[in-house]
Amino acid sequence: MGATGHLALSAAAKTRSGGRPCAAVLGEPLPALDDAGLLVHPSADFAARALVSSAQQYREMYQRSIDDPAAFWSEIAEEFYWKQRWNPDEVCSENFDVTKGPIKIEWFKGGKTNICYNAVDRNVESGNGDKVAMYWEGNEPSQDGKLTYSELLDKVCQLANYLKSVGVGKGDAVVIYLPMLMELPIAMLACARIGAVHSVVFAGFSADALAQRIVDCKPKVVITCNAVKRGLKLIPLKDIVDTSLVESAKNGVDVGICLTYENQSALNKVDTRWKPGRDVWWQDVVPNFPTKCDVEWVDAEDPLFLLYTSGSTGKPKGVLHTTGGYMVYSATTFKHAFDYKPEDVYWCTADCGWITGHSYVTYGPLLNGASVLVFEGAPNYPDPGRCWDIVDKYGVTIFYTAPTLIRSLMRDGTEYVDRYSRKSLRVLGSVGEPINPTAWRWFYDVVGDSRCPISDTWWQTETGGFMITPLPGAWPQKPGSATFPFFSVQPVIVDEKGRELEGECSGYLCIKKSWPGAFRTLYGDQDRYETTYFKPFAGYYFSGDGCSRDKDGYHWLTGRVDDVINVSGHRIGTAEVESALVSHPKCAEAAVVGIDHEVKGQGIYAFVTLVDGVPYSDDLRKSLIMTVRSQIGAFAAPDKIHWAPGLPKTRSGKIMRRILRKIASRQLDELGDTSTLAEPGVVDQLIALSDS
Ligand code: 6R9
């Protein structure tokens with residue numbers, strides 16, 4: 001079966017000419033790929049010390065990982081502690097083809113382990129107890145802290161013991177709604193230690209969005225804090241949780257305990273709303289528990305966490321990851337993509353509320369015994385030099401961030417960068433959206449002083465870890481390309497009919513076989529799992545992204561080809577924003593599209609049709625935006641509301657988003673075929689109202 005209608009490949013990704021990809025990242029044409037001067041080589045020194053130091057070495061390892069994935073990954077998995085070894089003949093098994101029965105992926109079957117034990121205890125036991133596991137930098141430059149691996153173990157055990165004491169056990173869900181305090185990774189690890197399934201909800205989500213997730217996964221406990229300060233803004237998180245717990249209760253899910261950490265830097269305890277019996281201060285109970293807590297040994301395929309992400313329809317998807325494969329994969333990808341060395345100080349600016357914070361703030365680095373920086377504040381507070389101030393303060397060697405932040409700092413000017421030495425930096429990383437070559441260059445030349453390779457890592461919540469990424473010492477980079485697949489990952493580019501394209505090509509990015517970190521299902525919805533990811537192109541996992549491959553085999557991601565938009569690296573389903581808008585009593589219909597945005601990558605552009613007789617006004621515009629903020633979160637607020645007395649529809653009533661995208665981006669001479677419109681006059685009307 002081919003791709004369905006809504007998976008329209010963008011015109012930009014579809015065609016190629018003159019041997020060059022026509023794909024554009026942020027509207028910037030990609031450079032000529034046959035220009036040898038474009039290649040950015042790692043220095044000889046860097047390559048000499050790298051874990052994988054040549055393309056040849058990579059090719060040999062990659063080939064082995066494809067020819068014999070079981071042997072390749074078993075050898076790596078041996079480096080971890082397993083209470084019971086996996087069955088040697090069941091290292092990996094999968095059905096990736098919906099025509100052959102239900103989709104099923106299993107790795108290290110029969111093995112018993114614990115990811116918390118491997119990430120924390122194992123480092124203490126191997127003599128690294130005094131090494132710093134986490135540095136913490138607060139919102140204000142004067143606020144900081146740190147924990148060694150031994151101290152981290154104590155804190156994790158105390159919380160794990162508390163959770164057990166209130167009845168949380170193996171398989172129970174715990175929702176974590178915290179800012180970037182060290183308590184956030186501590187809470188994740190404590191859940192993992194006792195076999196509970198954590199579901200971290202990004203603390204920028206609104207009460208409604210939090211309630212929706214609570215109702216779906218029915219946690220025994222919600223962990224939060226009183227408030228957080230981000231820049232100058234105070235956000236009362238506990239109040240948001242209160243509202244969401246009332247809402248969840250109305251939907252039949254009563255959460256018994258709300259464990260609240262007192263974030264002293266943010267808000268006074270007395271100002272926090274409180275429900276006795278349900279609400280408990282973390283500091284009142286957790287420190288009283290013993291610092292030793294037995295590990296719950298779990299099966300390799302037991303669930304580790306649920307993380308909700310956006311899809312093409314309104315309801316967020318609960319992506320489920322299991323233990324063994326995810327552990328091995330997050331650790332191995334971290335080690336190779338950043339060419340990790342034990343003396344590194346690693347900083348990833350992502351929040352643990354997203355997958356990047358799961359795999360590359362918490363699990364991947366700690367499994368490698370790394371020192372990780374956790375940053376609670378905002379990257380441009382008190383000024384746009386904050387990141388580089390932090391880099392110098394802690395001697396950060398690996399800095400991993402998102403293109404949206406790079407573009408925003410780029411706009412603030414190089415003087416903020418030049419004020420700081422940044423000489424500790426060794427490797428840079430990018431994630432979340434395609435990085436346009438100009439931002440890549442600035443990151444490389446200005447931030448990294450033209451000496452630090454950039455790992456542009458392409459992956460997804462669903463993939464658990466990096467899929468296409470540079471190995472920084474192994475081959476030259478091309479600015480804007482995520483380069484080559486990680487071990488065992490078999491990316492294929494297919495056309496509309498699902499036929500694999502060879503050589504230089506552009507199309508839909510699919511993956512052919514499983515890899516250890518792959519998600520195993522969508523929580524409670526195996527049907528949606530199969531329909532969304534495995535049915536569009538039978539026999540493959542479909543990523544939802546478009547991709548070009550050049551003559552040298554480098555991969556160039558071109559963005560989503562479905563109804564998902566990517567705002568500052570955050571995935572937002574257009575349907576989610578639309579359903580928030582139409583819940584407004586004065587909104588009859590809404591259609592949302594993404595538009596290019598200089599800093600955020602994509603912005604949200606909403607066409608709204610009002611209920612008959614309601615006049616459009618500035619107040620109404622603000623109130624529509626408020627509705628989206630309160631139902632999803634501030635990060636999903638539309639950048640533009642376009643009043644639409646009517647929407648362009650086909651005769652069968654389908655909204656023609658293709659036309660709306662063109663109107664939103666003012667490409668009015670490229671509207672394309674409008675002959676199937678039920679009412680052609682609607683388009684002229686919308687264009688006339690463009691600047692209203
Ligand atoms: C890790 C993460 C996944 C979507 C993905 C793609 C985009 C992520 C990218 C990238 C180009 C990169 N994406 N990294 N596009 N180059 N290096 O971001 O997960 O939030 O699930 O988003 O993000 O479109 O499909 P998630």
Side-chain angles (χ1 to χ4, degrees), residues 1-23 25 30 33 55 58-59 61-69 72 92-101 103-105 312 434 458-460 462-463 465-469 475 478 481-519 529-562 564:
M1 188 164 94
T4 46
H6 71 279
L7 301 173
L9 192 57
S10 72
K14 214 183 286 182
T15 50
R16 300 168 63 83
S17 62
R20 296 179 191 180
C22 292
V25 179
L30 295 178
L33 300 178
Y58 160 75
R59 273 195 290 272
M61 289 173 78
Y62 181 74
Q63 199 52 50
R64 206 175 141 244
S65 77
I66 300 295
D67 294 344
D68 194 351
F72 183 89
C92 50
S93 66
E94 71 194 16
N95 175 33
F96 242 48
D97 191 340
V98 274
T99 64
K100 296 189 178 133
I103 299 297
K104 197 170 172 106
I105 301 168
S312 314
W458 176 80
W459 62 296
Q460 308 177 293
E462 293 85 345
T463 70
F466 304 149
M467 298 295 278
I468 301 182
T469 175
W475 55 74
K478 295 184 184 185
S481 165
T483 75
F484 296 102
F486 195 72
F487 305 127
S488 274
V489 173
Q490 295 191 51
V492 290
I493 298 175
V494 302
D495 68 9
E496 316 251 322
K497 296 213 163 71
R499 290 176 300 217
E500 278 185 38
L501 303 172
E502 300 294 333
E504 256 186 286
C505 58
S506 284
Y508 301 99
L509 179 60
C510 292
I511 313 289
K512 213 170 180 168
K513 277 188 154 303
S514 84
W515 60 99
F519 67 143
Y529 176 61
E530 297 188 358
T531 308
T532 311
Y533 301 103
F534 295 92
K535 279 194 182 152
F537 303 106
Y540 302 105
Y541 162 76
F542 173 48
S543 66
D545 279 344
C547 183
S548 302
R549 192 166 48 218
D550 70 23
K551 66 175 176 20
D552 303 320
Y554 283 65
H555 292 81
W556 301 79
L557 278 302
T558 53
R560 301 289 306 192
V561 293
D562 54 10
V564 173

Inset, instruction - Please check if the distance between the ring centroids of Phe534 and Tyr529 is under 6.0 Å. - result: yes

Using modelled atom types only, decide if a donor and an acceptor are shared between the side chain of [X] and the backbone of [Y] within a distance under 3.5 Å.
X	Y	answer
Trp515	Thr463	yes
Tyr62	Val489	yes
Ser488	Pro69	no

Can you measure from [atom1] ([X]) to [atom2] ([Y]) and round to the nearest 0.5 angstrom?
X	Y	atom1	atom2	answer
Phe96	Cys510	CZ	SG	10.0 Å
Tyr58	Phe484	OH	CZ	7.0 Å
Tyr554	Ile468	OH	CD1	13.5 Å
Ile493	Arg499	CD1	CZ	15.0 Å
Arg64	Ile66	CZ	CD1	12.0 Å

How far apart are the closest heavy atoms of [X] and [Y], and which atoms are they?
X	Y	result
Phe486	Thr469	CD1-CG2, 4.1 Å
Gly539	Asp97	N-OD1, 3.8 Å
Arg549	His555	CD-NE2, 3.7 Å
Trp475	Ala55	CB-CB, 4.4 Å
Phe537	Glu496	CE2-O, 3.7 Å
Ala538	Val98	CB-CG2, 4.3 Å

Inset, instruction - Check Tyr541, Phe542, Trp458 against Leu509 for a side-chain contact (heavy atoms from CB on, under 4.5 Å) and give me the one that passes. - result: Trp458

Can you find a heavy atom in the side chain of [X] that is under 4.5 Å from one in the side chain of [Y]?
X	Y	answer
Phe519	Ile105	no
Ser506	Thr558	no
Ser543	Gln460	yes

Legend entry - Verdict with reasoning, Arg560 to Asp562, per salt bridge (Lys or Arg N to Asp or Glu O under 4.0 Å): CA-CA 6 Å; Arg560 301 289 306 192; Asp562 54 10; 2.6 Å; yes

Inset, instruction - Would you mind telling me which of Lys512, Glu500, Gln490 makes a side chain to side chain donor-acceptor pair (under 3.5 Å) with Tyr540? - result: Glu500

